[in-house]
**Q** 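Just passing along the structure, written as C-alpha cells.
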Amino acid sequence: MSKSAAPSPPTQVIWSGDLMAYRFSDSHPMHPARLDLTMRLTAELGTLARPNYTVVEPPVAADAELETIHDPEYVAAVRRASESPGEPNEAAGLGTEDNPLFPGIHEASARLAGGSLVAAEGILSGAALHAVNIAGGMHHAARGHASGFCVYNDAALAIQRLLDGGVARVLYIDVDAHHGDGTERIFWNEPRVMTISLHESGMSLFPGTGFANDIGGPDAAGTAVNVAVPAGTGDAGWLRAFHAVVPQIATAFAPEVIVSQHGCDGHALDMLSNLRLSVDGQRQNMLDVSDLADRLCEGRWIATGGGGYNVANVVPRAWSHLIAIAGGRPVPARTPVPQPWRDHVAELYGTEAPAMMGDDADIWWRSWEVGYDPADPVDRTIMATRKEVFPLYGLDPWFD
C-alpha cells in the first residue's frame, strides 16, 4: 500500500506559542522564530486541517518528572539561574556562550520537556500513533549539565516515560548534524534503549564525540550505534550510510516505539555544520524513519526537532515536511511554497523565501548491496560502524 493510500494515523502535534519563550537572545542561533515560521507554513499548507491531527498544548514538566533523568541538584541549579540570570553556573553549563541565561529559563526549558512527555503519554494511552514536538530534540543536555543550546533533554525524558509505562525496548534515532551525545550518555548502560546517531564526525564538529567504537556500557554493549560521516557528505552518502546501518540493526533490536530527532542543521545552507544535505534528502530520511516505525513498531513514533539554524530558508520547510509525513500525507518536494508565507518572510526578514518545498535535488544513493568501496570515506565510516556493532546481533558486517 502506498503512503498516500494508507490510513491516516492519529497524530498529535505538540504546540503552543508559549514554546517561543525558549529564547536565549535575539542574536543566538537557536532563535524561536524558526518554530513560528514552521507552524505558519504548516498551516498554510493545510496540514493541520486534516481530521487525524490534534494540536496538544505542552505543559511545564514538574521537577519530579525532570528528575527521572536529570540530577535533582541540576534541576535546582536551573531554577536558581532562572531567578537570578546574572549569576552564571559554568559547572552546570549555565551562563556559557552556548547557553546564556535569561529570566524564566527553567520554565521555558521545562515546557519543551513537557511537550515530549505529553507526546509519550499520547503513545502510551493510544490517543496517538504518531506525535511531533518540533520544539524538542534537546539532545546535548546531560544528566547534570546543559550543553550545546540544550538545558533539559526532552527526548530522554520521553524515552524514560515510555519505559516506565511498560514499553520493553525503545529505539532512538538522531540525524542531527551533531552527535546526540547527551541522550546516548543517559542511556549508555541501559539495554532497553538503543541510540543511533548519524552525524558529522567529531573530528570536525562539536561535540567531538560519537565514533564507531562508542557502542554502549558493559551491560548494554551494542546499544549505542554511531555513524560519523565526514565533513562535506551530501545526500547520496548520508542516505547510503543510513540505509547501510539503521534498518538492519533496528530490525535486530526489535523496538516497540521509535523516538527520533530530526535536527536539520546538516543542510548545505546551515552555518553550524559542514554537511551538504538538501531538504529533499532530509524529507526522504523522515519517510524512512516513518517506514521503520510502521514496519517494526506498529507505527508508534515520536518525532522531535533539534538543531537547524537557517531560520527562514531551511527549518520551516524541513519540519513542515516532518509534520505532514507524521500525519500520513507527505507534501511532495515540488509543491509550491504558499505565497502568503513567502510574503510574511519577505516582510519579516527582507529576503526572498524559497519557491518550492524542496531544493530540486537528486537524492539517488547506492544501496549497500552494490558493494563496499574502501576508497570512499563514507563507506569506510559505514564499515567501521558495521564491524563494531553488527556481530553483537549475529549480523555479518560485509553482507547483511
**Q** Quick one: do L41 and M39 end up in the same hydrophobic cluster if we chain Ile, Leu, Val, Met, Phe, Trp and Tyr together by side-chain heavy atoms under 4.5 Å apart?
**A**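 Result: no, two separate clusters.
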**Q** Looking only at non-hydrogen atoms, find the nearest pair between L171 and P255 and report the distance.
**A**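 It is CB-CB, 3.6 Å.
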**Q** Given side chains that start at C-beta, do those of N285 and W238 come closer than 4.5 Å, heavy atoms only?
**A**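 SC-SC contact between N285 and W238 confirmed.
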**Q** With clusters defined by side-chain heavy atoms of hydrophobic residues (ILVMFWY) lying less than 4.5 Å apart, directly or transitively, does V370 cluster with I382?
**A**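 Looking at the clustering, V370 is in a separate group from I382.
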**Q** Between D376 and R366, does at least one N-O distance fall below 4.0 Å, as a salt bridge requires?
**A**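 Result for this pair is yes, salt bridge flagged.
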**Q** Is there a side-chain contact between E107 and D18 (heavy atoms, below 4.5 Å)?
**A**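 When only atoms from C-beta onward are counted, D18 and E107 do not touch, as no gap falls below 4.5 Å.
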**Q** Have a look at D176 and tell me which of Q261, H199, H262, H140 forms a side-chain hydrogen bond (donor to acceptor under 3.5 Å, both in side chains) with it.
**A**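 Considering Q261, H199, H262, H140, a side-chain hydrogen bond (donor to acceptor under 3.5 Å, both in side chains) with D176 is found only for Q261.
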**Q** Side chain to side chain contact (heavy atoms under 4.5 Å, CB included) between I249 and F253: does it pass, once the steps are laid out?
**A** CA-CA 6 Å; I249 206 70; F253 183 66; 5.9 Å; no
**Q** Is a donor from one side chain sitting under 3.5 angstrom from an acceptor on the other, for S147 and D98?
**A**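 Absent: no donor and acceptor within the cut-off.
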**Q** Taking atom CD of Q339 as the centre, report whether more than 12 heavy atoms of other residues, nucleotides or ligands fall under 6.0 Å from it.
**A**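 Enclosed.
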**Q** Between S197 and H179, is a side chain to side chain donor-acceptor pair (under 3.5 Å) present by the stated rule, with each step listed?
**A** CA-CA 6 Å; S197 183; H179 175 226; 4.5 Å; no
**Q** For the residue pair T233 and T381, establish whether any side-chain heavy-atom pair is separated by less than 4.5 Å.
**A**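 Side chain of T233 against side chain of T381, heavy atoms only: no contact under 4.5 Å found.
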**Q** Using a 4.5 Å cut-off on heavy atoms from C-beta on, say whether the side chain of P397 contacts that of M383.
**A**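 They are in side-chain contact.
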**Q** Take I323 and L48 through the test side chain to side chain contact (heavy atoms under 4.5 Å, CB included) and record every step on the way to the result.
**A** CA-CA 9 Å; I323 294 170; L48 295 181; 4.3 Å; yes
**Q** For S8 and R329, which I'm curious about, is there any donor-acceptor pair between the side chains at under 3.5 Å?
**A**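 Yes - a donor-acceptor pair under 3.5 Å links their side chains.
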**Q** Given the rule in the side chain to side chain contact (heavy atoms under 4.5 Å, CB included) test, do M194 and F187 qualify, once you have shown the distances and angles that lead to the verdict?
**A** CA-CA 8 Å; M194 172 177 280; F187 297 110; over 6 Å; no
**Q** Please give me the minimum heavy-atom distance between L322 and V132, naming the atom from each residue.
**A**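 For L322 versus V132, the nearest heavy atoms are CD2-CG1, 4.1 Å.
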**Q** For F149, which of Y22, F206, Y309 qualifies under ring-ring contact (aromatic ring centres under 6.0 Å, His included)?
**A**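 By the ring-ring contact (aromatic ring centres under 6.0 Å, His included) criterion, F149 pairs with just one of Y22, F206, Y309: Y309.
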**Q** Under 4.5 Å between any side-chain heavy atoms of R40 and E44, yes or no?
**A**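 Heavy-atom side-chain distance check fails, nothing below 4.5 Å.
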**Q** Taking P207's backbone N and O only, do any of them form a donor-acceptor pair with H178's side chain (distance below 3.5 Å, no angle check)?
**A**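 No; judged by distance alone, with no hydrogens or angles, the pair does not exist.
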**Q** Using only atom types and a distance under 3.5 Å, with no angle test, would you say the side chain of R34 pairs donor to acceptor with the backbone of G308?
**A**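 Side chain of R34 to backbone of G308, a donor-acceptor pair under 3.5 Å: yes, one is there.
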**Q** Looking at side-chain heavy atoms only, is the closest gap between F242 and V227 below 4.5 Å?
**A**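 Counting from C-beta outward, F242 and V227 never come under 4.5 Å.
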**Q** Applying the side chain to side chain contact (heavy atoms under 4.5 Å, CB included) test to T251, which of L296, L395, D400 qualifies?
**A**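 It is L296, the one option of L296, L395, D400 that forms the side chain to side chain contact (heavy atoms under 4.5 Å, CB included) with T251.
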**Q** Tell me, do R334 and D360 make a side-chain contact under 4.5 Å, heavy atoms counted?
**A**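 Heavy-atom side-chain distance check passes, below 4.5 Å.
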**Q** Specify the closest pair of heavy atoms between Y74 and G144, including all atoms of both residues, with the distance to one decimal.
**A**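 Distance-wise, the nearest heavy atoms are CD1-O, 3.4 Å.
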**Q** Please find the pair of heavy atoms, one from P332 and one from H321, that lie closest to each other, and give the distance.
**A**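 Closest approach of P332 to H321: O-CE1, 4.2 Å.
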**Q** Hey, which of R317, M357, Q284 is the one that makes side chain to side chain contact (heavy atoms under 4.5 Å, CB included) with V279?
**A**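 Checked R317, M357, Q284 against V279; only one passes side chain to side chain contact (heavy atoms under 4.5 Å, CB included): R317.
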**Q** Could you check if a side-chain atom of T68 sits within less than 4.5 angstrom of a side-chain atom of R161, using non-hydrogen atoms only?
**A**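 In short, these two side chains do not touch, never coming nearer than 4.5 Å.
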**Q** Are I186 and W188 connected in a single hydrophobic cluster, I mean Ile/Leu/Val/Met/Phe/Trp/Tyr linked by side-chain heavy atoms less than 4.5 Å apart?
**A**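 No.
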**Q** Stepwise, does the side chain to side chain donor-acceptor pair (under 3.5 Å) test hold for T38 with S320?
**A** CA-CA 6 Å; T38 297; S320 291; 5.3 Å; no
**Q** Using a distance-only test with no angle check, is there a side-chain donor-acceptor pair under 3.5 angstrom linking W301 and S260?
**A**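 Looking only at side-chain atoms, S260 and W301 do form a donor-acceptor pair, the distance falling under 3.5 Å.
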**Q** Are a donor atom and an acceptor atom from the side chains of S273 and D265 found within less than 3.5 Å of each other?
**A**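 There is no such pair between these side chains.
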**Q** Checking V78 against V75 for the side chain to side chain contact (heavy atoms under 4.5 Å, CB included) test, could you report, in this order, the C-alpha distance in whole Å, the side-chain angles of both residues, the deciding distance, and whether it holds?
**A** CA-CA 5 Å; V78 178; V75 175; 5.8 Å; no
**Q** Using the benzene-type ring in the case of Trp, are the ring centres of H106 and Y152 under 6.0 Å apart?
**A**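 Aromatic pair counts; centres sit under 6.0 Å.
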**Q** Does any donor atom in the side chain of N226 or E184 lie under 3.5 Å from an acceptor atom in the other side chain?
**A**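 A pair is found: one side chain offers a donor N or O, the other an acceptor, under 3.5 Å apart.
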**Q** Taking 4.0 angstrom as the limit, do E256 and R300 come out as a salt bridge?
**A**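 No salt bridge links E256 with R300.
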**Q** Taking atom CD of E67 as the centre, does the number of heavy atoms from other residues, nucleotides or ligands within less than 6.0 Å exceed 12?
**A**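 Atom CD in E67 is packed in, count exceeds 12.
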**Q** Between R80 and E87, is the closest basic N to carboxylate O distance under 4.0 Å?
**A**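 No, E87 and R80 are not salt-bridged.
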**Q** Looking only at heavy atoms, which two atoms of I363 and S278 are closest? And how far apart?
**A**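 Minimum heavy-atom contact is CG2-OG, 4.1 Å.
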**Q** Should the heavy atoms of other residues, nucleotides or ligands under 6.0 Å from CE of M203 be counted, would the total exceed 12?
**A**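 Result for CE/M203: open.
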